[in-house]
Amino acid sequence: ERSAMAAVLLKNLRAIRERRGWTQAQLAAKVGYSDAFISQLETGKKHGSVATLKSLAKVLGVTTDQLLGKD
């Protein structure tokens with residue numbers, strides 16, 4: 001379940017970021033993380049905490065459910 005959820009998150013995170021026209025560095029600056037961390041989230045090398053997920057969703061203007069593909 002967690003790996004399936006993680007796969008959906010990475011795909012959705014990248015897709016939503018790209019729809020906004022933002023680079024990884026731009027998203028990173030908006031949420032206060034490094035662009036390397038955003039890259040690692042998008043490639044599945046790192047898994048974010050619930051707080052990370054909430055921060056990303058808020059900055060991207062979506063719900064956490066949308067990021068996780070649950071809506």
Discussion item. Ignoring hydrogens, what is the shortest heavy-atom contact between Ser39 and Gln24? Give both atom names and the distance.
Written reply: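 Smallest interatomic distance, heavy atoms only, reads CB-OE1, 3.4 Å.
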Item to complete: Quick one: list whatever passes side chain to side chain contact (heavy atoms under 4.5 Å, CB included) with Leu67, sequence neighbours left out.
Response: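 Expected list: Leu9, Leu13, Ile16, Leu53, Leu56, Ala57, Leu60, Val62.
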Practice prompt. Output all residues satisfying side chain to side chain contact (heavy atoms under 4.5 Å, CB included) with Lys30, sequence neighbours left out; order by chain, then residue number.
Written response: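 Side chain to side chain contact (heavy atoms under 4.5 Å, CB included) list for Lys30, sorted by chain: Trp22, Val59.
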Discussion item. Counting C-beta onward and ignoring hydrogens, is there a side-chain heavy-atom pair between Lys11 and Val8 closer than 4.5 Å?
Written reply: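 No. Closest side-chain heavy atoms not under 4.5 Å.
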Worksheet item: Quick one: does Arg17's side chain get under 4.5 Å of Glu42's, heavy atoms only?
Response: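 Yes - at least one pair of side-chain heavy atoms lies under 4.5 Å apart.
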Worksheet item: About how many Å separate CG of Leu27 and CD of Glu18, when rounded to the nearest 0.5 Å?
Response: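 Reported value, rounded in 0.5 Å steps: 11.0 Å.
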Worksheet item: Got a sec, which pairs hit salt bridge (charged side-chain N to carboxylate O under 4.0 Å, His left out) with one end in residues 46-62, sequence neighbours left out?
Response: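 Pairs touching residues 46-62 that pass the test: none.
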Worksheet item: Stepwise, does the side chain to side chain donor-acceptor pair (under 3.5 Å) test hold for Thr52 with Ser55?
Response: CA-CA 5 Å; Thr52 300; Ser55 295; over 6 Å; no
